[in-house]
Amino acid sequence: MSKDSESSVFRVLDEWKTLGIRGWLEANHPWFYFAEELGAMCAKIVGAESEEVVATSATTVNIHSLVNTFYQPSGKKRRILADELTFPTDIYALRSVMKLRGLNPSDNLILVQSEDGRFLDEKKIVELMDENIALVFLPSVLYRSGQLLKMKYLVEEAHRREISIGFDCSHSVGVVPHYFDKWDVDFALWCSYKYLNGGPGGTAFLYVNRKHFSREPALAGWFGYVKEKQFNLSLKFEHSRSAGGWQISSPAILSSAPIEGSLRIILEAGIDAIREKSLKMTSYLMFLVDKILSDKPYSFTIGMPREAERRGGHVALEHEESMRISEASRVRGVVSDFRPPNVIRVAPIPLYNTYCEIWKVVQHLKEIVDKKEYERFPKERKEIS
Ligand SMILES: *Cc1c(COP(=O)(O)O)cnc(C)c1O
C-alpha cells in the first residue's frame with residue numbers, strides 16, 4: 001500500500017464522516033464524478049482520451065458488459081476467437097455470454113492452442129481469424145508465462161477482416177505502455193489491483209474507443225445514463241456517449257479511493273520510465289537465474305520470452321518443485337506465487353523494488369534448494385498461493 005493510496009482512503013473516510021451523502025457533490029474529489037476522474041487519469045497511461053476510460057465494476061463484470069456489447073453474431077460470423085492460455089475467468093465469461101444467447105460454446109468459442117503450453121504464436125491467431133469470427137478477445141500479457149502479445153499487429157489483422165477486437169489488460173496496465181487509440185483497439189478492460197497497486201478487489205477499468213460511443217451498452221444501469229440527466233429518473237434509458245455509459249451501478253467509492261493515490265504516483269513517475277526500469281529488472285533477474293540457478297542441483301528454467309518487446313512485467317521461473325519452493329520463499333519474506341503446473345512468478349515492481357532485492361531473491365532461491373527447505377512443505381495445494 002502506498003502512502004498516497006492510504007491518504008486518499010483516509011480522506012474519503014473523513015468526508016463520509018463529515019459530509020455524509022453530501023460527499024457525492026461536495027467531497028474534495030466529488031464522488032458523483034469520481035469514476036470518470038479516475039478514468040481520465042488512467043487514460044494517460046493507456047494512450048486514450050479522458051472520456052474513453054472509466055473506473056467501474058469488476059474485471060469479469062466488465063468482460064460480460066463489453067463482450068456482450070461487441071459480440072454481434074450475424075450471418076456466418078458467429079464465433080468468438082480466444083486462447084487456451086488466458087486466465088480462466090475470461091473463458092467462463094465468454095462461454096456464459098454464448099449460452100445466454102442460446103449459442104453452443106463448443107461450436108462457437110474457438111481457442112487458439114499453444115504449442116508448448118507457454119506461448120501463443122500471433123501468426124497462428126491471425127490464421128484463425130476467418131470469415132466465421134465475429135469477435136476476438138485476448139489477454140495483453142499471459143498470466144503464466146508473461147508473454148506480451150503484439151496487440152497492434154493483432155488489431156490490424158482483425159480489422160482487415162472486419163472483426164472487432166478487445167483485450168484483457170489486467171497483466172499489463174501500470175507496467176507496460178499501451179496505445180489504444182493509435183492501435184485502434186475496439187475495447188479493453190483491466191483490474192486495478194496488480195501493477196496499478198489499487199488495493200484488494202479494487203474497482204476495475206474499461207476502455208471503449210470513441211468511434212463506438214453510440215453503441216448501446218449491453219448491461220445497462222442508471223450510472224451509465226447521460227450524467228446531466230441521470231437524476232431526471234426517466235424510464236427511457238439514454239446512455240452517456242462516453243466509456244461512462246458502460247457503468248452499471250453506483251461506484252464503489254471506498255474501493256476506488258486507493259486507486260487515486262496510486263495513479264498519482266504512476267503518472268508522476270511516468271509509464272515509459274516504469275517500463276524502462278521494469279525491463280532492466282526482469283533482464284537482471286533472468287541474467288542471475290541463468291548464471292546461478294540453471295545448472296544442477298538448482299535446475300530452474302526461464303519460461304518466458306527473452307525479447308524485451310515480448311515480455312510483460314514478471315519473470316516466469318519453471319521448476320518441478322515450483323509449488324513448494326514458492327511456499328518456502330514466502331517464509332523467507334519473498335512474495336512470489338505459484339501457478340500450475342510448474343511456474344513461479346516473480347514480479348519485481350519498478351516503483352518500489354530494488355536491484356539489490358532481486359539479487360537477494362536469487363540467493364534465497366539458491367539456499368532453499370541447497371538446504372532442501374521446500375521438502376518441509378506438503379505436496380498438496382492450499383486454497384490460495
Ligand atoms: C486478474 C485477472 C482477472 C481478475 O478478474 P476479477 O473479476 O477482478 O476477479 C481477470 N482476467 C485476467 C486476465 C486477470 O489477470
Side-chain angles (χ1 to χ4, degrees), residues 35 38-39 42 45-46 53-68 70 80-97 109 111-112 114 117-120 125 135-149 151 154 165-176 178 180 185 187-207 218-219 246-249 251-252 254-256 258-259 262 278 304 311-316 335-340 343-347 349 383-385:
L38 293 178
C42 203
I45 60 167
V46 295
V53 179
V54 71
T56 190
S57 296
T59 323
T60 310
V61 177
N62 289 340
I63 299 176
H64 280 276
S65 165
L66 291 175
V67 169
N68 265 304
F70 283 86
I80 296 180
L81 180 62
D83 70 282
E84 66 164 357
L85 295 183
T86 196
F87 193 68
T89 199
D90 296 46
I91 300 299
Y92 307 156
L94 294 176
R95 287 215 184 97
S96 100
V97 166
L109 181 58
L111 298 184
V112 181
S114 161
R118 296 186 184 93
F119 308 131
L120 295 173
I125 300 177
L135 176 72
V136 177
F137 184 62
L138 295 166
S140 49
V141 166
L142 299 178
Y143 76 99
R144 214 164 14 206
S145 69
Q147 180 190 356
L148 171 63
L149 293 182
M151 288 183 268
L154 292 166
I165 181 164
F167 292 96
D168 183 334
C169 298
S170 294
H171 268 281
S172 57
V173 173
V175 73
V176 174
H178 299 65
F180 289 150
V185 171
F187 68 94
L189 51 100
W190 56 97
C191 70
S192 63
Y193 51 76
K194 289 171 188 145
Y195 294 98
L196 288 180
N197 299 309
T203 305
F205 284 89
L206 62 80
Y207 160 89
L219 306 192
W246 276 262
Q247 292 174 90
I248 302 169
S249 288
L254 292 176
S255 314
S256 303
I259 305 169
S262 170
S278 165
M304 70 176 314
R311 283 207 322 257
H314 71 262
V315 170
V335 185
S336 63
D337 55 22
F338 163 69
R339 287 294 174 264
V343 172
I344 301 176
R345 296 192 304 190
V346 184
I349 303 303
E383 288 85 21
I384 302 179
S385 59

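Just follow the structure's listing: the first ligand is 1, and inside any ligand the first atom is 1.
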Evaluate Lys194 for polar contact with ligand 1, using N/O atom pairs at a separation under 3.5 Å.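 Looking only at distances, the answer is yes, because the N/O contact criterion of under 3.5 Å is met.
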
Nitrogen or oxygen of Asp168 less than 3.5 angstrom from that of ligand 1: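 In this structure, Asp168 places an N or O atom under 3.5 Å from an N or O of ligand 1.
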
Compute both the distance and the angle, then confirm whether Lys194 meets the cation-pi test with Phe87: under 6.0 Å from the six-membered ring centre, within 45 degrees of the axis.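 Yes, a cation-pi geometry.
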
Please could you name the atoms of ligand 1 that Thr60 approaches to less than 4.0 Å, counting only its heavy atoms?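 It comes down to these atoms of ligand 1: 5 (O), 6 (P), 7 (O).
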
At a 4.0 Å threshold, what atoms of ligand 1 neighbour a non-hydrogen atom of His171?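 By the 4.0 Å cutoff, the relevant atoms are 15 (O).
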
Atom 6 (P) of ligand 1: which of Tyr193, Tyr92, Phe87 has the nearest heavy atom?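 Shortest heavy-atom distance from atom 6 (P) of ligand 1: Tyr193.
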
Is a side-chain donor-acceptor pair under 3.5 Å present for Thr60 with Thr89?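 Their side chains do contain a donor-acceptor pair, which is all the 3.5 Å distance test asks for.
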
Is it true that Trp190 lies under 4.0 Å from ligand 1, counting heavy atoms only?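 The answer is no: ligand 1 sits nowhere under 4.0 Å from a heavy atom of Trp190.
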
Could you tell me whether the side chain of [X] and the main chain of [Y] form a donor-acceptor pair under 3.5 Å?
X: His314; Y: Gly312; result: no
X: Ser145; Y: Arg118; result: yes
X: Arg144; Y: Arg345; result: no

Have a look at ligand 1 and work out which part of Asp90, if any, has a heavy atom under 4.0 Å from it: side chain, backbone, both or neither.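 Side chain only.
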
side-chain contact (heavy atoms from CB on, under 4.5 Å), that's the test. Do Trp190 and Ser140 meet it? Break it down for me. CA-CA 10 Å; Trp190 56 97; Ser140 49; over 6 Å; no

Tell me which protein heavy atom sits closest to atom 10 (C) of ligand 1, plus the residue, atom name and distance to 0.1 Å.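 The answer is Thr89 CG2, 3.4 Å.
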
